Amino acid sequence: MTQRVKNPTLRVILVTLDQVFYIARMGISVRGIGRVILGFLDTLGGIVTLLVQTLLNLLRPPYRFRLMIAQAEVAGWKSLPLIGITLGFLGMIVILELHFQLSRLLHNTSLVPGVAGLLFFREFGPTVVAAMMAAKVGAGFTAEIGSMNTTDQIDALKLMGVSPVHYLAVPRFVGCMSMQVCMSIIGLFCCIAAGYLASLPEFNLQSYISIMNSYVGWPDFINLILKAVGLGWVVPIVSCHYGFRCRGGARGVGDATTRAVVTAILIIIVIDFTITAIADKLVVAAMSFL
Amino acid sequence: MIKRLFNYLWQLPFMVTGHLFTWLGPVISEIGSMSLFFWQVIKSIFHRPFEVREFIIQLYQVGVRSIPVVLLAGLFVGAIVSIQFHYALSQFGAGALQYLGGVTTSGLLREVAPVLVSVMIAARVGAYITAELATMKVTEQVDAVRCLGADPLRFLVVPRFLAVTIMIFILTILGLIIATAGGALSAYLLTGMGISKYFASIRSLAAAWALFNGMFKSLLFGVLLSTVSCYKGLNTDGGSEGVGRAVNSCLVTSAIAIFLADYIIARLASLTFEVAESFLFFMEI
Amino acid sequence: MESSNIIEAEGLRVRLADRLVLDGMDFSVKKGEMVALMGISGSGKSTLLRAIVGLFSMEAGRISVAGFPMGPSDRSNLGRIRRSTGMLFQGNALFDSMSVAGNIGFVLQEVLRLPSAEIEERVNGLLERLHLGPIGNKFPSELSGGMKKRVGIARAVAHNPEVVFYDDPTAGLDPITENVISGLIAELRSGGRQSGVVVTNQLAVARKTSDRAVLVRQGKALELGPVAGLSASDIPELKEKDPKGRPASQS
Amino acid sequence: MIEYDNVWKSFGDNRVLKGISLDVREGETFFVLGQTGAGKTVMVRLLVGLLHADSGAVRIDGEDITGFSEQDFQRIRKKCGMVFQLPTLFDSMTVFENIAFGLRRLGNLSEEEIGERVKNTLEDVELDFSICLRLPHELSFGEQKRVGLARTVILSPRYVLYDEPTTGLDPFTADRINDLVLRLNRKMGATAIVVSHDLLSMNKIADRVGLLYKGEFRFVGPVKDFNRSDDPVVAEFRGGGEA
């Protein structure tokens, strides 16, 4: 059919569309969907087994503290500028938005810092920090381990009697987990400080802090730590998983890195949802326990 | 010992400013070269011939294959936002709860949907384009394109640039719809609020202005994102670890660019809104 | 298995991505002997090497390395086999996040956990033996192709294993460096105690480094006999015919 | 006719080319030998504007191209084809699209003509037409190399530059590539510059040889003289023995 079309551009479009449908049809066929589901389960299985392996290796001597500190530095110090900037802007945006919403809704904007504080503690602190860690630190781990994989360094490790999970995954897990908790707290302060800057004309420091204190209490702080830990394992484990399984060549490393970041962010969102949905019950239980 | 300490303290401010500039210098030069790159890409869009074939394939690679990711992320984030607002609004007493639908949707519309979709697209597409272009550069394919008489900007960058910008706009709309549905669903399931009640309050709050604001924001993110990812892709050095580094810095730069642009627009929007409101007030509408 | 063989592989079958790469391979190396594994790319010579050290799992057959048996199901001796072997990968596989001294001394420090004084002494000994000079704290990215290869060799023999494997040691090197590396491999085994396998498709390298040659074709091993008498005509697919009819490789 | 006149090139403090001068005659196959990293590839890349010389002149058909801009090089690249060391095929395109890529850029050919020329070029590189619809990663390394060769040769350039055509290939496949290069150069009557450290392909396809050593030409002359020369560096490079 496409041969009869005279106009060259139109014919190129039709030929390409035909090619695209051909590629898409492969995806939509039963075998295609089957492959996607299997791929999803395989990834999930791989991630869970790596998590279990890492936890088991965690307790096995020799403990390589030097490596853990090195990874902590990569996960913490190097990602500080990114966390600071993004969380800072986020704080300002939230204050501006709430100001706009509440002024039109309840016509009194005196409670803006309170609501903002709630959002910072419960939502924007841990989740956005986790997402940024996935982008900066997760991509870095996958790229590093991926390129080690393509140049046979992982096989070399195995041959020298050192388990790659123990030498590569454990230090990154410990470093990244601990740094994620610290970064959540630092990110929180960036949010609050930047939020104060954005709310300046209307609030001075004293009133800003007092209103925020009246709404935010200890349960929200526990919620923050809970989420930081709950999300903390995702970045190192998912990125190491994709790094170990990375195909050969520069293209392999590129693909592995992009998939690692996307999967990490998706898992972060799903876990964040589960924690948020059952947060109230958890916090109440934690409070009664204290 | 005291003298050494004093000496150190005395130097500290200079060291910090030194660090700041050593860190700031390259950042500013990068922003400069990126905007130059952006200008070259815009110029070469209008050069004959336009790569139709590549453009369509990129539309498929960028857009169609990102739909599942955007759907999944949108659904859950919509639910999260509505739960958080429910908790926040409940502090104001029962009266405020009826506005939950409006506040959540408006929050999603103006802020969360564009930013969320852009961050997902930055990860799913931006990093993919950087990885693909970096791989082509590392394996000398970009040189091959030049040696065969084609301009890499027009052949590689322009199709991807347009595909990302158009697809981000469409995916934001899709993400918005799914997120609102997620919000309504979680409000109904977790807090027992009727679906119709949830949607009733939307009409009053989510004015067309907010819709325009969100759409404009997603277009701007699209342009920012495609410039950063194409630039980082073509400026790679070193072998396969060079590719990994390029992808990493693309993600970081896009994240910062998205939040910075978001803040600027939020600031502009609030200014213009006040102007528009006083204008409306003046006109007694 | 007579004790004289340091490596013994019988009826080895290895499948990679549903392609039968090794099909009933028999291969053995006597103590103190150096064997050259030859064959065109894709014939399975590297796969055999990696199967012996357990990087690829076997479908069938038995392997014994340095007296430790290993089969498709029981891989209990894997750790012991790996401790008594050393491998130089085709791409050197040096850890680019570690200095040269860190690379060479890796096994001594992380596995054998020797005192740092002894590690340093052994590393410097190896650096001299491979004519590398004091580049202990340089990083792999700063070295030339030839030097990277020699650091790879030093790392492979650091824990003086009984068997050393060289996976295409002269790939992508120019004639001068290729000569130097083959010389080093020959010199390293002069101790007689160390046996090994060299994977290559360069006749000159096989002649210089090994005693006996084995041809690998479609996953099976064909004995070619001592390297001395070997000439290009014996290996049909490696025939390096030269238009002017002169004997192919000069050296 | 290609001339290098006192060309200097350095990357930072690593001086790669130290004032080299060379004339490559019309229709000749000139072989550039040297250790890895001795600057061979740099020399060739200067011709197609992938790199720019620090000083000195590079003349193609009498035209000095050192000061050229990207647009000027578009014209030069029409008559200077380059075959890279890695096959550098475009992964997202079929073999047919890869080979036809250069032709499509000329813009004046109909689909039928392009199909015809691709078919002929595939026969030149001993690949049958059925390979057209397959993707690069489905081919063997040898086949990818030959498609890369076809992609450049289809434009029938007057000068063909080969960057390490046989590196990384086992002797059998390398031998077939050497045959192809020899036959194609004769068929097109093109002038060829081959950069490599493979002595066997030098003996087979080279008319004249230049040994690049530490940024300078240690020897320039016919293959016969190279094999008989007693210059210590040349001897060492030849692997010691008398040819």
Side-chain angles (χ1 to χ4, degrees), chain A residues 9 12-13 15-17 19-20 23-24 27 81-82 85-86 89-90 92-93 96-97 99-101 104-106 111 114-115 118-119 122-123 127 131-132 134-136 139-140 142-144 146-147 150-151 215 249-255 257-258 261-262 265-266 269-270 272-273 276-277 280, chain B residues 23 52-53 56-57 59-60 64-65 69 72-73 76-77 79-81 83-84 87-88 91-92 96 99 102-103 106-107 110-111 119-120 122-124 127-128 130-132 134-135 138-139 186 190 205 239-245 247-248 251-252 255-256 259-260 262-263 266-267 269-270 273:
Chain A
T9 328
V12 169
I13 294 176
V15 165
T16 338
L17 276 180
Q19 198 176 15
V20 166
I23 300 172
L82 171 68
I85 291 174
T86 39
F89 281 125
L90 192 67
M92 290 194 257
I93 294 165
L96 283 174
E97 276 305 310
H99 186 80
F100 169 77
Q101 294 283 9
R104 289 182 62 245
L105 177 64
L106 300 171
L111 302 175
V115 177
L118 276 179
L119 286 180
R122 295 171 64 85
E123 196 49 48
T127 321
M132 289 304 124
K136 168 93 166 109
T142 311
E144 190 189 354
S147 64
T150 49
T151 52
Y215 275 84
R251 169 169 280 285
V253 174
D255 284 352
T257 313
T258 46
V261 176
V262 171
I265 293 182
L266 278 180
I269 291 179
V270 171
D272 178 50
F273 168 70
T276 319
D280 307 335
Chain B
W23 178 69
V52 178
R53 183 184 177 287
I56 293 173
I57 288 184
L59 274 178
Y60 171 72
V64 175
R65 287 182 52 184
V69 169
L72 192 62
F76 281 106
V77 167
I80 293 171
V81 169
I83 295 170
Q84 295 295 7
Y87 180 81
Q91 309 290 337
F92 288 93
Y99 290 111
V103 168
S106 168
R110 294 165 56 89
E111 216 51 58
V119 168
M120 288 312 290
R124 165 80 182 71
Y128 179 80
T130 303
E132 195 182 15
T135 314
V138 160
T139 54
S186 78
L190 293 174
L205 282 170
S240 54
E241 71 284 349
V243 175
R245 268 203 313 276
V247 169
N248 198 346
L251 285 166
V252 168
I256 294 179
F259 279 101
L260 177 67
D262 193 22
Y263 168 67
R267 183 58 98 178
S270 63
F273 188 79

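In what follows, chains are A, B, ... by sequence order, proteins preceding strands, each numbered from 1. Every value quoted in this text rests on a predicted model; they were computed, and no experiment measured them.
Across all non-hydrogen atoms, the minimal contact from A:Leu266 to B:Met120 is CD2-CE, 3.9 Å. Contact between A:Leu82 and B:Ala255 at its shortest, heavy atoms only, is CD1-CB, 4.3 Å. Nearest approach of A:Gly254 to B:Ala131, heavy atoms of both residues: CA-CB, 3.4 Å. B:Ala123 approaches A:Val262 most closely through the heavy-atom pair C-CG2, 3.7 Å. For A:Thr258 against B:Tyr128, the heavy-atom pair with the smallest separation is CG2-N, 3.1 Å.
Side-chain contact between B:Ile83 and A:Phe273: present, with at least one pair of heavy atoms (C-beta onward) separated by less than 4.5 Å. Taking the side chain as every heavy atom from C-beta outward, B:Gln84 and A:Thr276 approach each other to under 4.5 Å. Residues A:Asp272 and B:Ile80 are in side-chain contact: their nearest non-hydrogen atoms beyond the backbone lie under 4.5 Å apart.
Interface remark: A:Ile269 contributes backbone and side-chain atoms alike to the contact with chain B (heavy atom separation under 4.5 Å). The contact between B:Val252 and chain A is made by backbone and side chain atoms together, counting heavy-atom distances below 4.5 Å. Proximity to chain A is absent for every atom of B:Arg65, based on heavy atoms less than 4.5 angstrom apart.
A distance of 5.5 Å separates NZ in A:Lys136 from CG in B:Asn248, rounded to the nearest 0.5 Å. Between B:Leu72 atom CG and A:Ile265 atom CD1 the span is 12.5 Å, to the nearest 0.5 Å.
By the side chain to side chain donor-acceptor pair (under 3.5 Å) test, A:Glu97 pairs with B:Arg110, sequence neighbours left out. Partners of A:Tyr215 under the side chain to side chain donor-acceptor pair (under 3.5 Å) rule, at least two apart in sequence or in another chain, do not exist in this structure.
Centroid-to-centroid, the aromatic rings of B:Phe259 and A:Phe89 stay 6.0 Å apart or farther.
Counting heavy-atom pairs under 4.5 Å between each of A:Ile85, A:Thr86, A:Leu90 and chain B puts A:Thr86 at the top. In terms of heavy-atom pairs under 4.5 angstrom with chain B, the leader among A:Leu119, A:Val270, A:Asp255, A:Leu118 is A:Leu118.
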